[in-house]
Amino acid sequence: MERAEDMASLSEFDSLAGSIPATKVEITVSCRNLLDKDMFSKSDPLCVMYTQGMENKQWREFGRTEVIDNTLNPDFVRKFIVDYFFEEKQNLRFDLYDVDSKSPDLSKHDFLGQAFCTLGEIVGSSGSRLEKPLTIGAFSLNSRTGKPMPAVSNGGVPGKKCGTIILSAEELSNCRDVATMQFCANKLDKKDFFGKSDPFLVFYRSNEDGTFTICHKTEVMKNTLNPVWQTFSIPVRALCNGDYDRTIKVEVYDWDRDGSHDFIGEFTTSYRELARGQSQFNIYEVVNPKKKMKKKKYVNSGTVTLLSFAVESECTFLDYIKGGTQINFTVAIDFTASNGNPSQSTSLHYMSPYQLNAYALALTAVGEIIQHYDSDKMFPALGFGAKLPPDGRVSHEFPLNGNQENPSCCGIDGILEAYHRSLRTVQLYGPTNFAPVVTHVARNAAAVQDGSQYSVLLIITDGVISDMAQTKEAIVNAAKLPMSIIIIGVGQAEFDAMVELDGDDVRISSRGKLAERDIVQFVPFRDYVDRTGNHVLSMARLARDVLAEIPDQLVSYMKAQGIRPRPPPGPPAGSPPRSPARTPPASPLHTHI
């Protein structure tokens with residue numbers, strides 16, 4: 001990583017600091033009523049889990065459970081530990097085999113069935129427990145060649161149901177830990193000609209490939225060689241990604257107004273060392289390698305001392321989801337005339353028989369992920385900026401399904417169907433008013449503030465906001481409610497107002513009142529297509545960027561209101577006792593991605 005002398009300003013440290021690793025979850029697998037493939041006993045099942053690449057869509061083996069002898073109802077002991085990203089669609093596949101030999105080649109064993117799901121489906125299910133039917137599909141994968149092989153070769157029938165798989169997910173306990181610490185320094189190098197130094201610290205966690213990722217920076221202490229920085233808190237997973245012995249690098253800089261911050265020196269430590277607290281082991285020499293090479297009598301450029309260290313376990317996004325918090329998803333679509341005539345191919349609303357338009361693509365990308373956190377899969381869908389039949393009145397809050405009493409559609413497919421139907425019945429008009437749909441969702445969010453529900457509004461629009469003052473006021477009022485707002489801008493318009501609503505740089509305000517939380521995230525759709533504007537590059541990346549802040553926004557609301565997660569429902573009664581396990585086939589075991 002470049003040192004700060006080569007960076008333009010301190011703000012560039014901030015731009016690098018967002019790369020915090022996901023939490024990790026432990027997947028447990030059980031099955032019921034598997035096919036019996038053995039003549040004189042029951043099957044000896046093994047489960048193989050596969051993950052799918054986001055871009056290349058290739059399945060690869062992630063890991064295998066142990067083999068359990070003589071049972072059709074296995075409860076596997078070996079877990080799969082995976083990184084969890086709320087904002088990504090993480091496709092998983094589970095294949096079951098009856099193991100007949102010690103061969104690691106899966107084609108040598110009887111195929112019992114498979115199931116597909118996403119990690120979001122598992123953690124979003126009640127109690128983070130998902131049941132799915134196992135089926136004998138059209139193919140499985142040869143573990144040696146990675147190529148598809150017919151699953152029916154073992155006597156199965158494609159599509160035949162053959163038992164049930166039960167998947168549960170538990171967040172690893174150390175992913176809840178937050179470390180709070182404070183540092184001071186002594187006799188740092190003097191870097192300023194007319195003063196002392198203005199020191200600050202930058203913390204980096206090491207990655208498995210030997211690189212470093214910034215994870216925290218302190219405030220700047222002006223004109224001192226003996227600074228005492230303020231106490232700060234950081235998730236343990238951000239500091240060391242759960243590896244207590246992984247190197248943590250700390251660099252010390254002298255801040256300069258023009259951004260050419262002077263490098264004072266660096267030292268390394270680890271979470272395990274820091275956890276010792278204030279002691280002789282946590283006084284670090286700050287070393288500048290260049291000065292050390294040039295000066296034989298060089299000792300150090302000062303010392304940094306850990307003054308205090310404490311760890312607390314905090315409630316996480318998955319704690320609330322596991323406790324039953326539902327995410328209510330609402331979509332609002334821009335039907336203003338600036339989108340162009342839907343019957344013409346130049347329109348943003350044009351319905352090509354060959355591909356989805358930008359509105360449908362954006363809706364699908366976000367909806368496919370967020371739908372798993374709402375148990376009834378009924379999603380309100382609104383339109384704004386159109387003239388409605390039969391009298392041609394202009395509406396900025398009309399139901400796409402035509403039902404004023406209940407604007408909910410069944411699943412993402414239901415929203416798309418209602419959207420296409422509306423394009424055939426309403427007249428695109430204007431202006432572009434956001435406040436009515438924001439107020440609509442805020443009204444529903446205000447009705448349930450006990451932590452059991454959290455609303456997310458997706459607004460897809462092509463134009464400049466006409467009611468900016470009213471929209472700001474609606475967002476400021478909504479910021480104290482359990483809701484977040486996602487805005488995706490389609491087309492080539494200037495979206496300066498959307499960036500202002502996003503509030504990353506300056507928290508929005510209305511009538512002198514500041515928003516209690518930052519609840520808006522905006523991205524322009526054009527950033528996810530190629531230069532011609534014709535070919536979509538990555539809807540997965542769009543969804544990731546637009547949804548990334550939702551978990552923290554949900555948790556920040558709950559904390560502000562003093563709402564703790566409800567206890568998750570207990571496991572169903574009557575689970576059979578575990579069967580004895582035997583050593584799995586000799587193959588690589590992947591314990592994490």
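For the pair R272 and Y244, the NZ or CZ position fails the cation-pi test of under 6.0 Å to the six-membered ring centre and within 45 degrees of the ring normal. Taking the ring axis of Y298 as reference, the NZ or CZ atom of K291 does not stay both within 45° of it and closer than 6.0 Å to the ring centre.
Defined by atom type and a distance below 3.5 Å, a donor-acceptor pair is missing between the side-chain atoms of Y557 and S484. In summary, the side chains of Y204 and E251 do present a donor paired with an acceptor at a separation below 3.5 Å, with no hydrogens or angles considered.
Closest non-hydrogen pair, S313 versus R176, comes out as OG-CB, 3.4 Å.
Considering OG of S455 and CG of L481, their distance stands at 9.0 Å, rounded to 0.5 Å. Atoms CG and CG, on L457 and N328 in that order, are 12.0 Å from each other to the nearest 0.5 Å. We find the CD1-CD1 distance between I519 and I508 to be 7.5 Å, quoted to the nearest 0.5 Å. The distance from atom CD of E170 to atom CD1 of I122, rounded to the nearest 0.5 Å, is 13.0 Å. Remark: C117 SG to R93 CZ distance equals 12.0 Å, nearest 0.5 Å.
Checking each of R517, M483, M558 against Q553 for a side-chain contact (heavy atoms from CB on, under 4.5 Å) leaves exactly one that passes, namely R517.
The environment of NZ in K57 is crowded: more than 12 heavy-atom neighbours from other residues, nucleotides or ligands sit within 6.0 Å. By the neighbour-count criterion of 12 heavy atoms within 6.0 Å, atom CZ of R564 is sparsely surrounded, having that number or fewer from other residues, nucleotides or ligands.
Partners of K89 according to the salt bridge (charged side-chain N to carboxylate O under 4.0 Å, His left out) rule, which considers only residues two or more places apart in sequence or in another chain, are E368. A search for side chain to side chain donor-acceptor pair (under 3.5 Å) contacts involving D467 returns T471, not counting sequence neighbours.
Although no hydrogens or angles enter the test, the distance criterion places no donor-acceptor pair under 3.5 Å between the side chain of T269 and the main chain of I248.
Taking the six-membered ring where the residue is Trp, Y253 and F200 present parallel rings, their angle staying beneath 30° rather than reaching 60°.
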